[in-house]
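Everything below concerns the one structure shown next.
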Amino acid sequence: MENIGEQMSKTMGTSRWSQHFERLKETVKRDPDVISFVKEHQEELTPEIIEKSYAKLYEFVQEKEKFKRQDPTMIAPGYEPKLFMNFRFIDVSYVPTQTLLAKQEVQKVESRMQLENMPKGIRNARMDQFDLTEERAGALKAAMLFIKHYSQHPDKFQPGLYLQGSFGVGKTYLLGAIARELAELGFSTYLMHFPTFAVEMKASIKDDTTSAKINQVKQAPILMLDDIGADSMSSWIRDDVLGVILQYRMQEQLPTFFSSNFSMQQLEEEHLRITQRGEDEPLKARRIMERIRYLSKEVEMVGRNRRQENN
Ligand code: ADP
Ligand code: MG
């Protein structure tokens, strides 16, 4: 048998709790959104259903207030609580806001531009901000044509561009702008600084990640190798890294872009042909060049060096 003290504290506890519950119910009943929801659904709602739905209605009122204050403790930040009829009960759903959807869309686009060792500012490059000079019109036009054809027929092979021109003329900027435009159309690009990649590949031999890295790069839906020929290449990088990547992309018909301070001919004769050790390997150089020529179209960019103005 329970003693009197226990009985009393139980009853008091229960009544304190029910008082509290009544107060919460009052708060809920006064809420204008709850009032209009109940009115809107009066044909489906009975007093029992409303009684059983108080927990959800209270959650709604609480979360709505937090949402208005943009309180970080809300259940689902970025989502707005809404009431709905869940069969025979009132329930709360969390609907993404326009702001959240816009933010998610931006993140989705950003994630389609994979940059490796590229200057940060390249994310801000835009085709429509590419300031047009007569000498650069050809490159811009070729870029626009690529985007048009590729987005219309992504399964049909489109050669990329080999942007060639002197330092600071805007080659990297244009690659970034192309990647951005493609990302907005739903296509993923892998854009990397080739000389740094070559250094990283050498280092990857130690931890045995070379082939995994090559596989990742060679399979990129659209690949852009920036600044090819800027550093002298070892024959290993030329044949077993670059050669393997390009061979795969030819077989799989995957669009590939390049940028270089050198023309295709200069790249072949002055860079690919002579190895870091000073050996002359014309046949191997030609083999690589044939792949580059197959994969891309050479476009010359001429103009002033923009770096002094910006940096
Ligand atoms: P390159 O790769 O040919 O050496 P970059 O693309 O790095 O040249 O361009 C050099 C500088 O000029 C960078 O700071 C870049 O952001 C800027 N730049 C190039 N083209 C444009 C452009 N159309 N609008 C604004 N800035 C540009
Ligand atoms: Mg560059």
Side-chain angles (χ1 to χ4, degrees), residues 106 109-110 112-148 159-185 187 189-201 217 220 222-233 237-238 241-242 245-246 249 255-268 270-272 288-289 292-293 295-311:
V106 169
V109 169
E110 291 286 333
R112 293 189 198 113
M113 283 178 78
Q114 205 178 334
L115 308 186
E116 229 168 279
N117 302 306
M118 297 301 292
K120 253 210 222 119
I122 220 63
R123 283 207 178 268
N124 303 323
R126 299 284 187 282
M127 293 287 281
D128 56 12
Q129 284 164 30
F130 186 79
D131 74 50
L132 198 54
T133 56
E134 212 174 302
E135 303 121 317
R136 306 199 306 170
L140 187 67
K141 193 170 167 217
M144 279 159 53
L145 274 179
F146 174 87
I147 293 163
K148 183 174 167 226
L161 304 180
Y162 179 102
L163 299 176
Q164 172 245 311
S166 57
F167 184 77
V169 77
K171 302 180 296 296
T172 302
Y173 184 95
L174 183 55
L175 288 183
I178 298 170
R180 156 73 52 177
E181 193 82 15
L182 289 165
E184 280 169 5
L185 292 165
F187 303 107
T189 298
Y190 199 118
L191 210 176
M192 64 182 194
H193 185 241
F194 188 75
T196 313
F197 172 68
V199 172
E200 284 177 357
M201 288 309 288
V217 171
I222 300 163
L223 179 66
M224 297 180 168
L225 304 179
D226 189 39
D227 240 350
I228 196 162
D231 281 356
S232 63
M233 241 181 259
I237 292 290
R238 183 194 58 198
V241 177
L242 182 60
I245 292 171
L246 300 182
R249 300 190 69 80
T256 312
F257 288 70
F258 305 85
S259 87
S260 182
N261 290 352
F262 306 101
S263 68
M264 283 190 176
Q265 197 181 350
Q266 278 177 313
L267 184 72
E268 178 174 350
E270 296 164 27
H271 295 273
L272 297 173
I288 298 289
M289 247 4 261
I292 296 180
R293 282 205 171 90
L295 288 165
S296 65
K297 204 175 109 207
E298 187 169 17
V299 180
E300 196 183 1
M301 278 175 82
V302 190
R304 62 179 196 277
N305 180 357
R306 287 162 184 271
R307 286 195 199 201
Q308 290 119 352
E309 302 153 30
N310 287 279
N311 304 333

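For ligands, and for the atoms within them, numbers begin at 1 and follow the listed sequence.
In summary, Arg136 and Glu300 do not engage in a salt bridge, as defined by a charged side-chain N under 4.0 Å from a carboxylate O.
Any N or O atom pair closer than 3.5 Å counts here, and Leu174 shares no such pair with ligand 1. At a 3.5 angstrom cut-off on N or O pairs, Phe167 does not count as close to ligand 1. Polar contact with ligand 1: absent for Phe130 (N/O pair, distance under 3.5 Å).
No donor-acceptor distance shorter than 3.5 angstrom exists from the side chain of Ser260 to the backbone of Asp227, with no hydrogens or angles considered. Without hydrogens or angle criteria, Thr189 side chain to Leu191 main chain gives no donor-acceptor distance under 3.5 Å. For Lys297 (side chain) and Pro159 (main-chain N/O), no donor-acceptor pair under 3.5 Å exists by modelled atom type.
Using a 4.5 Å heavy-atom threshold, the side chains of Leu242 and Ile228 count as touching.
Rounding to the nearest 0.5 Å places CG of Leu267 at 10.5 Å from CG of Asn261.
The ligand atoms of ligand 1 that sit less than 4.0 angstrom from a heavy atom of Gln129 are 23 (N), 24 (N).
Contacts with ligand 1 closer than 4.0 Å are made by no heavy atom of Met301, backbone or side chain. Residue Arg136 touches ligand 1 through its side chain alone, judged by heavy-atom distances below 4.0 Å.
Not a single heavy atom of Gly121 sits less than 4.0 Å from an atom of ligand 1.
Coordination check, Ser259 versus the Mg ion (ligand 2): failed, since every N/O/S atom of the residue sits at 2.8 Å or beyond.
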